[in-house]
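These numbers were taken from a predicted model, which means no experiment stands behind them. Labels below follow one simple rule: chain letters A, B, ... track the order of the sequence lines, proteins then strands, and each chain is numbered from 1.
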Amino acid sequence: GENVEQHPSTLSVQEGDSAVIKCTYSDSASNYFPWYKQELGKRPQLIIDIRSNVGEKKDQRIAVTLNKTAKHFSLHITETQPEDSAVYFCAARDWAGSYQLTFGKGTKLSVIP
Amino acid sequence: EPEVTQTPSHQVTQMGQEVILRCVPISNHLYFYWYRQILGQKVEFLVSFYNNEISEKSEIFDDQFSVERPDGSNFTLKIRSTKLEDSAMYFCASQERGPYEQYFGPGTRLTVT
């Protein structure tokens, strides 16, 4: 089955700096990669996703890049703000087959004002 | 904006007791899921449900677990005889149709004593 590794497990950045979180996956059939943000005590919220037919997707301060050859994808947050502090999870899924998500272990991002 | 809801938010039960966790998926969604997250660990897939039957389940989802959609709105997870290791946050998720995004509920924290 699919295995998703996520690094780092914790990340502290100064407000205004960029943050990068990286994930690798094992199953070459996976072709959908969402990112979820989970604030303390709240639900995981989908913040951005990417499908394998594109290499990069941006939404304001958030971007995701995908390298299918290397089987890794990354979340980039620019101009970080204190409200970006949360746990971020990457996930992978075979878009056309099984719909279950396989998650990484999460990255706790702290943005220091 | 419609959201997945779950009740209760926290359930405490004694080992060996049965629990039922309830979810109300987003109304026009057709695919339903249960995931769990043991404290400090990754989110893990339990089961997916479509067209009134289980479409996939993980190794975690053994005979102690069952799911049901008793009416047009609720989706339940039953644990027949709880064990200490069932203590976790249980998330329900729903998806509108095939290859679409999954949206998560706020979770039920299950504590087995």
Legend entry - Contact origin within V4(A) toward chain B - heavy atom pairs under 4.5 Å: backbone
Legend entry - Over 12 non-hydrogen atoms of neighbours within 6.0 angstrom of CD in E79(A): no
Inset, instruction - Can you check whether anything in residues 77-87 of chain B gets within less than 4.5 Å of chain A, heavy-atom wise, and list it by number? - result: none
Inset, instruction - Examine distances only and state if a side-chain atom of Q6(B) and a backbone atom of G107(B) form a donor-acceptor pair shorter than 3.5 Å. - result: yes
Legend entry - Heavy atoms from other residues, nucleotides or ligands near CG of N28(B) exceed 12 (cutoff 6.0 Å): yes
Inset, instruction - May I ask you to decide if T24(A)'s main-chain N or O and H72(A)'s side chain share a donor-acceptor pair within less than 3.5 Å? - result: no
Inset, instruction - Just jot down the side-chain hydrogen bond (donor to acceptor under 3.5 Å, both in side chains) partners of R43(A), sequence neighbours excluded, or say none. - result: E3(B)
Inset, instruction - Would you kindly confirm whether L110(B) and M15(B) end up in one hydrophobic cluster when ILVMFWY residues are joined by side chain heavy atoms under 4.5 Å apart? - result: yes
Inset, instruction - Kindly assign one of parallel, tilted or perpendicular to the pair F32(B) and F75(B), based on the angle between their ring planes and the thresholds 30° and 60°. - result: tilted
Legend entry - Portion of L101(A) that has a non-hydrogen atom of chain B nearer than 4.5 angstrom: both
Inset, instruction - Check whether more than 12 heavy atoms from other residues, nucleotides or ligands sit under 6.0 Å from atom CD of Q14(B), and answer yes or no. - result: no
Inset, instruction - Using side-chain hydrogen bond (donor to acceptor under 3.5 Å, both in side chains) as the criterion, list what pairs up with Q17(B), not counting sequence neighbours. - result: none
Legend entry - Under 4.5 Å from any heavy atom of chain B - which part of P34(A): neither
Inset, instruction - Please step through side chain to side chain donor-acceptor pair (under 3.5 Å) for the pair S26(A) and E2(A), ending with a clear verdict. - result: CA-CA 6 Å; S26(A) 61; E2(A) 175 65 279; 2.9 Å; yes
Inset, instruction - Could you go through the salt bridge (charged side-chain N to carboxylate O under 4.0 Å, His left out) check for K57(B) and D62(B) one step at a time? - result: CA-CA 9 Å; K57(B) 58 184 180 178; D62(B) 61 22; over 6 Å; no
Legend entry - Residues from residues 37-52 of chain B approaching chain A under 4.5 Å (heavy atoms): Q37(B), K42(B), V43(B), F45(B)
Inset, instruction - Select one option (side chain, backbone, both, neither) describing which atoms of Q6(A) are under 4.5 Å from chain B's heavy atoms. - result: neither
